[in-house]
Amino acid sequence: MQWAISHLEALGYRILAVDATDLTLTEVAATIASALPSAPLPSSTRRPPHVREHMRLVKPIVDVHVIVRDGQTLLLSQRGGSYGHGQWHAPSGKLDPKEKPAVGAARELSEETGLDVDPDSLTLLHTVIHHQGDGTPDRIGFFYEATEFSGHPVNREPDKCLALEWFAEHDLPDELIPYPAAGLQGSLTDPGGLTYHNWPTD
């Protein structure tokens, strides 16, 4: 293994070693995503052209979404910001540096709705890789389900959220933000699955 690492480094590749002994697949994916470079790397005479091209990566944005379930009803947030204004989605937010996805999901849920949840009680239902298509970094979204929580929903971010409402699982609003909607539908119809959303076909 060490010989292979040394050989790849000599060719100009950057190596990331991840000890996955105590990590879930989600945490391994988040670790890899957080290590991707956020800007093109400077060229090096040690790297052949195909290696330099391979290294021109853009760090994706990792975000977490929480589908709060109470029986057959789901809690949704109505977007108040410019992106998706007036449309609905599950409470969500970006992952902080070095933050585990389930921990970030619990944090975002509390910050936005006042609901408290144990990160260990969250279930990862679906993952979405979303292509922005406007030159900004793509997104990796982890969609968790919360069935055990305490408190009552309170809009703690009125500058970003217009309303919090419960919807029947079979009667969700039509006005869903497309990217979170892909994760929500995937969570309901393909638990444990992966969706490529808005991905280029060529």
Side-chain angles (χ1 to χ4, degrees), residues 26 30 33 60-96 99 101-119 121-200:
T26 297
I61 298 170
V62 180
D63 49 36
V64 287
H65 308 248
V66 186
I67 302 168
V68 180
R69 175 183 290 276
D70 184 4
Q72 298 301 310
T73 60
L74 309 178
L75 181 67
L76 297 182
S77 168
Q78 188 177 36
R79 180 75 181 178
S82 58
Y83 170 70
H85 184 86
Q87 296 179 299
W88 296 88
H89 65 116
S92 61
K94 297 178 184 176
L95 203 63
D96 287 343
E99 187 176 40
V103 174
R107 174 185 54 77
E108 286 289 349
L109 182 64
S110 177
E111 290 176 355
E112 295 185 14
T113 71
L115 296 178
D116 293 320
V117 62
D118 182 349
S121 72
L122 294 173
T123 301
L124 179 62
L125 288 186
H126 206 74
T127 302
V128 176
I129 301 179
H130 170 60
H131 180 63
Q132 300 273 60
D134 58 1
T136 57
D138 294 336
R139 288 179 175 264
I140 299 175
F142 297 112
F143 288 75
Y144 288 90
E145 181 182 64
T147 57
E148 302 175 10
F149 52 88
S150 60
H152 299 281
V154 176
N155 184 2
R156 286 188 165 181
E157 297 182 339
D159 56 324
K160 300 178 182 179
C161 173
L162 298 177
L164 293 171
E165 290 188 20
W166 294 96
F167 291 89
E169 179 181 342
H170 64 275
D171 191 24
L172 298 178
D174 294 329
E175 301 81 13
L176 293 170
I177 302 176
Y179 156 45
L184 177 58
Q185 294 299 330
S187 298
L188 297 176
T189 61
D190 184 25
L194 171 67
T195 294
Y196 288 88
H197 180 256
N198 200 36
W199 210 252

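These values consider heavy atoms only, across backbone and side chains, with no hydrogens, waters or symmetry-generated copies. This is a predicted model, so every value here is computed, not measured.
Taking both residues in full, the closest heavy atoms of P137 and P60 are given as CB-CA, 4.3 Å, listed atom of the first, atom of the second, then distance. Between G104 and L95, the closest heavy-atom pair is CA-CD1, 4.0 Å. In terms of heavy atoms, V68 sits closest to F149 at CG1-CE2, 3.5 Å. Of all heavy-atom pairs between L122 and A105, the closest is CD1-CB, 3.8 Å. Residues I177 and P180 share a closest heavy-atom pair of O-CD, 3.2 Å. Pairing each heavy atom of A146 with each of V66, the nearest pair is CB-CG1, 3.9 Å.
The only option from H197, H131, K94 that meets the side-chain contact (heavy atoms from CB on, under 4.5 Å) definition with R139 turns out to be K94.
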Check residues 70-79 and write down every donor-acceptor pair under 3.5 Å in which the side-chain atom is one partner and the other belongs to a residue at least two apart or another chain.
residue	atom	partner	partner atom	Å
T73	OG1	D70	O	2.8
Q78	NE2	G86	O	3.1
R79	NE	Y83	O	3.0

Using atom types as modelled, flag every donor-acceptor pair under 3.5 Å from a side chain in residues 185-193 to any protein atom, sequence neighbours excluded.
residue	atom	partner	partner atom	Å
S187	OG	G183	O	2.7
T189	OG1	Q185	O	2.7

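For K160, the side-chain contact (heavy atoms from CB on, under 4.5 Å) test picks out E157, with sequence neighbours left out. Not counting sequence neighbours, the partners of S150 by the side-chain contact (heavy atoms from CB on, under 4.5 Å) test are D116.
Among pairs with a residue in residues 160-186, those fulfilling ring-ring contact (aromatic ring centres under 6.0 Å, His included) read H65-Y179, W88-F167, H130-Y179, at least two apart in sequence or across chains. Among pairs with a residue in residues 144-153, those fulfilling salt bridge (Lys or Arg N to Asp or Glu O under 4.0 Å) read R69-E145, at least two apart in sequence or across chains.
Inter-residue side-chain proximity for R107 and D96 is flagged as met; some heavy-atom pair is nearer than 4.5 Å.
Note: W199 and Y196 have perpendicular aromatic rings, judged against thresholds of 30 and 60 degrees for the angle between ring planes.
With hydrogens and angles disregarded, a donor-acceptor distance shorter than 3.5 Å links the side chain of R156 to the backbone of S110. In this structure a side-chain-to-backbone donor-acceptor pair under 3.5 Å is missing from D138 to I129.
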Mind running side-chain contact (heavy atoms from CB on, under 4.5 Å) on C161 and N155 for me, showing each step along the way? CA-CA 7 Å; C161 173; N155 184 2; 3.4 Å; yes
Chi angles and distances behind the side-chain contact (heavy atoms from CB on, under 4.5 Å) call for L125, T123: CA-CA 6 Å; L125 288 186; T123 301; 3.9 Å; yes
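Once rounded to the nearest 0.5 Å, the distance linking CD1 of I67 with OH of Y144 reads 12.0 Å.
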